[in-house]
Number of protein chains: 2
Amino acid sequence: MNLKQLSELLGLSQTTVSRALNGYPEVNEATRERVLQAVKETGYRPNKAAQRLATGKAGSIGLVMPTAPDHYSDVHFGEFLTGLGEEAVRHDFHFVIMPADPNDEVGALRRLAISGNVDALFVAYMRGHDPRLPMLKSLSMPFLVHGRSFGSEPDYPYLDIDNEGAFYDAARLLLQLGHTRFALLNGPAHLDFAIRRKNGLVAALAERGLDLPEDCASHTTMTDEHGQFATERFLQLPDRPTAILCSSTVLALGAIRAVNQAGLKLGEDISLIAHDDVLPHLRPENFSVPLTTTRSSLRAAGIRIAQRLIATVKQDAPYPEQELWKTELIVRASTGPVPRQDQNLGGV
Amino acid sequence: MNLKQLSELLGLSQTTVSRALNGYPEVNEATRERVLQAVKETGYRPNKAAQRLATGKAGSIGLVMPTAPDHYSDVHFGEFLTGLGEEAVRHDFHFVIMPADPNDEVGALRRLAISGNVDALFVAYMRGHDPRLPMLKSLSMPFLVHGRSFGSEPDYPYLDIDNEGAFYDAARLLLQLGHTRFALLNGPAHLDFAIRRKNGLVAALAERGLDLPEDCASHTTMTDEHGQFATERFLQLPDRPTAILCSSTVLALGAIRAVNQAGLKLGEDISLIAHDDVLPHLRPENFSVPLTTTRSSLRAAGIRIAQRLIATVKQDAPYPEQELWKTELIVRASTGPVPRQDQNLGGV
DNA sequence: ATATAATTCCAAAGCGCTTTGACACCTCAC
DNA sequence: GTGAGGTGTCAAAGCGCTTTGGAATTATAT
């Protein structure tokens, strides 16, 4: 069943049917209803290839998926993808992926762009001075980045959260509670969000004349095991930290295991604030000691990015080019005043 | 630059240029050369949408990517994807993915099929009695599965390795070396390959009147941490196993850590055979005690699957519908005769 | 009543490719 | 010299949709 047959069936022209289907105003509501009804009955679906040829739009956005463990290996990316996918399905868009050696992301991106299979590109897992940026800019194809690239001029379209602000605020809260010895459970050191979160923490500490010792910062992929191992190390330090900042609730999961095994009480002996990406299976309020968090939904970011990308392709883009989402600081039970015996140790 | 312009530039018809480009025989070699040369100079690339409309082929294969941690979260899938991608790029094919809630894989698959964006479907991570199979068969769209579905009639196109045979052979080798107490570090219990590998082991044991105790089989996602934890448990058993079969070199990595920490010598106190997917960063010969393995390249499987899928779409498919690759059993240093003190414990 | 504007629809022209059916042209055999 | 059989090329017809530029019909203003 194609347009021609459908229109003959209805005794209308292809034009009218096409317009009825695509929501153009110059068609009588009654006729539109009739068309929609016929579509339902016949199961007509417009041919994508023809649509694409006629409009010049493929209805697809491309992304390169590095086939290395680090990048796509975590639940965070899955959650984000879910958001992207949800919105894409809603608009009948689809994703074209290009699996790529991590050493050749730039090349893969270029190949994807010139392949003619995609209308726009999406990139994530930005690093400092990310080499993909200049290439994307040279490409004359719309793109959108999730995150930013530390050290690069921010003159590209992005959606990011205020990582620096989030960890700055979190650190301030802990400072106000009297903590002076901090540890950081962070994501991989080269990633932009990890850089900024660390900066946020360091900035807050600096205001009080404090610093973050080398051995109190851990950079790993964000699994609970890594959270546990790193925290175990922190807890064995001579001046062990009383406050931990954590780049993910997944890391926190492991961290808390380590805290418990050390016989310490979360929220009393040691305070912890985690960044909460709002992963559905890991709600901070359901932890045995509910977690104080900085919150920003990763899925929502996925949805938003899909919206913007799709709007750009459809050329009806009233969206801002650059968005920086604030995070919420939500205080629960995992933070408390610094224990008395730790009050004047370390610090200034 | 399009075909028309290119052909005018060359003083040829569109027909001839098109045929020259697509390798048809009825064009003079000299003309073909001339065309190819012009393509190089002008940078002409055929319009995908037009090609697609004219031929009815999208040049793309679809796969649904479950957005749950387990499925795509491991290096194994990445390695496989690399193979797929490598071959796809070679043929100028691409992948359309549909992120999907794991509970709705079947629906996602259907949506992908009727979206009109793909020529064929690919599925992996098969489970026993996999519900995707009947739906795929009802679809009148070519598909190919990596692995098989235990319990389903094997009347669908697949590429699998002989998991049962691999672990049967591995177990036989260890039995010949006198081992009687076995443990199994396996993948998630519901996955087909895990089921079959366990069956292979159990079958070999049964021939000697042995069995695999409940607490000597571990089913987890295949990370080194899980390998370590599970092995630690094995080693604390009263009748601890002297032989370990391991579904991945990644699991083996952790297992060996546990063995070392327990002060045991690999290949002497305890023997281990791992399945080797030929992950580039994890070569069994580079382990401090080189690993005895059953080997089958996951990347090669990816390449092969892409080849078959592409050939099917292009209708020039001389490939068999079903392939079962044998694995190689490669003996290195991680296997040895059962230690004397363990010789007559346990078993029959 | 007639002129003007909105409303609703249509025929036909693309979009850029592949493929069919024909047509020259050039052997080669008889 | 003619007919058969290749070879190399082309014009034109799709593929199934969107969109342009009218045209017919109806509503509104004069």
Side-chain angles (χ1 to χ4, degrees), chain A residues 1-36 38-39 42-60 91-94 114-119 313-316, chain B residues 1-36 38-39 42-60 92-93 114-119 313-316:
Chain A
M1 171 66 60
N2 59 23
L3 225 211
K4 191 172 175 188
Q5 296 171 325
L6 183 66
S7 61
E8 277 165 6
L9 189 90
L10 283 160
L12 291 170
S13 76
Q14 298 191 34
T15 313
T16 304
V17 177
S18 171
R19 288 188 163 152
L21 258 32
N22 295 323
Y24 281 72
E26 56 270 72
V27 43
N28 193 321
E29 266 317 309
T31 352
R32 192 192 303 274
E33 279 310 319
R34 214 155 63 82
V35 170
L36 258 28
V39 166
T42 59
Y44 166 77
R45 306 205 92 228
N47 179 305
K48 276 294 176 52
Q51 254 174 339
R52 190 171 156 184
L53 179 57
T55 60
K57 308 292 167 209
S60 72
H91 295 271
D92 205 19
F93 262 61
H94 62 278
I114 64 174
S115 78
N117 291 317
V118 302
D119 300 319
V313 171
K314 290 189 175 169
Q315 328 236 47
D316 51 26
Chain B
M1 169 67 61
N2 58 24
L3 225 211
K4 191 173 176 187
Q5 296 170 327
L6 183 66
S7 62
E8 277 165 6
L9 188 90
L10 283 159
L12 291 170
S13 75
Q14 297 190 35
T15 312
T16 304
V17 177
S18 170
R19 288 189 162 149
L21 258 31
N22 295 323
Y24 281 71
E26 57 268 72
V27 43
N28 194 321
E29 265 319 308
T31 345
R32 191 191 304 275
E33 279 309 321
R34 213 155 64 81
V35 171
L36 259 26
V39 166
T42 60
Y44 165 77
R45 307 203 92 228
N47 178 306
K48 275 294 175 54
Q51 254 176 339
R52 190 171 155 183
L53 180 58
T55 59
K57 308 289 167 212
S60 73
D92 203 20
F93 262 59
I114 66 175
S115 77
N117 291 317
V118 303
D119 299 321
V313 171
K314 290 190 175 166
Q315 328 236 46
D316 52 26

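Since this is a predicted model, take the numbers as computed values, not measurements. In what follows, chains carry the letters A, B, and so on, assigned in the order in which the sequence lines appear, proteins first and then strands, with residues in each chain numbered from 1.
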Asks: Would you indicate which nucleotide in C/dT19, C/dC10, D/dT19 comes nearest to any side-chain atom of B/Thr15?
Replies: C/dT19
Asks: Using a heavy-atom cut-off of under 4.0 Å over every strand shown, decide if B/Thr55 touches base, sugar-phosphate, or nothing.
Replies: sugar-phosphate
Asks: Between B/Arg52 and B/Asp119, is there a salt bridge with N-O shorter than 4.0 Å?
Replies: no
Asks: Does the side chain of A/Val35 reach to within under 4.5 Å of the side chain of A/Leu10, using non-hydrogen atoms?
Replies: yes
Asks: Quick one: is D/dT18 close enough that its OP1 or OP2 comes under 4.0 Å of any side-chain N or O from A/Gln51?
Replies: yes
Asks: Among D/dC10, D/dG8, D/dT18, which nucleotide sits nearest the side chain of B/Thr31?
Replies: D/dG8
Asks: Without decimals, in angstroms, what is the distance between A/Leu12 CG and D/dA24 P?
Replies: 18 Å
Asks: Rounding to a whole Å, what distance do you find between A/Glu26:CD and D/dA23:P?
Replies: 17 Å
Asks: Could you check how far CG of B/Leu53 sits from C1' of C/dT18, rounded to whole Å?
Replies: 10 Å
Asks: Look at all strands and tell whether B/Gly116 reaches a base, only sugar-phosphate, or nothing, counting heavy atoms closer than 4.0 Å.
Replies: nothing
Asks: What distance do A/Glu29 atom CD and A/Thr31 atom OG1 have between them, rounded to the nearest 0.5 Å?
Replies: 8.0 Å
Asks: Mind calculating the distance between CG (B/Leu10) and C1' (D/dT9) to the nearest angstrom?
Replies: 14 Å
Asks: Calculate the interatomic distance between B/Leu3 atom CG and D/dC10 atom P; express it in whole Å.
Replies: 12 Å
Asks: Separation of A/Lys57 atom NZ from C/dC15 atom C1', in whole Å?
Replies: 13 Å
Asks: Quick check for you: among C/dT18, D/dC10, D/dT18, whose closest atom lies nearest to any side-chain atom of B/Ser13?
Replies: D/dC10
Asks: Among D/dC17, C/dG16, D/dC10, which is the nearest nucleotide to the side chain of A/Ala50?
Replies: D/dC17
Asks: Return the CE to CG distance between B/Met1 and B/Leu9, rounded to the nearest 0.5 Å.
Replies: 6.0 Å
Asks: What nucleotide, of D/dT18, C/dT18, C/dC9, holds the atom closest to the side chain of A/Ser18?
Replies: D/dT18
Asks: Over how many whole Å does the gap from B/Tyr24 atom OH to D/dT7 atom P extend?
Replies: 18 Å
Asks: Kindly compute the distance separating OG (B/Ser18) from CG (B/Leu12), expressed to the nearest 0.5 Å.
Replies: 12.0 Å
Asks: Return the value, rounded to whole Å, for the distance between atom CG of A/Asn28 and atom C1' of C/dC10.
Replies: 15 Å
Asks: B/Asn2 side chain: which of D/dC17, D/dT9, C/dC17 is closest?
Replies: C/dC17
Asks: Under 4.0 Å: is that the gap between some side-chain N or O of A/Asn47 and OP1 or OP2 of D/dC15?
Replies: no
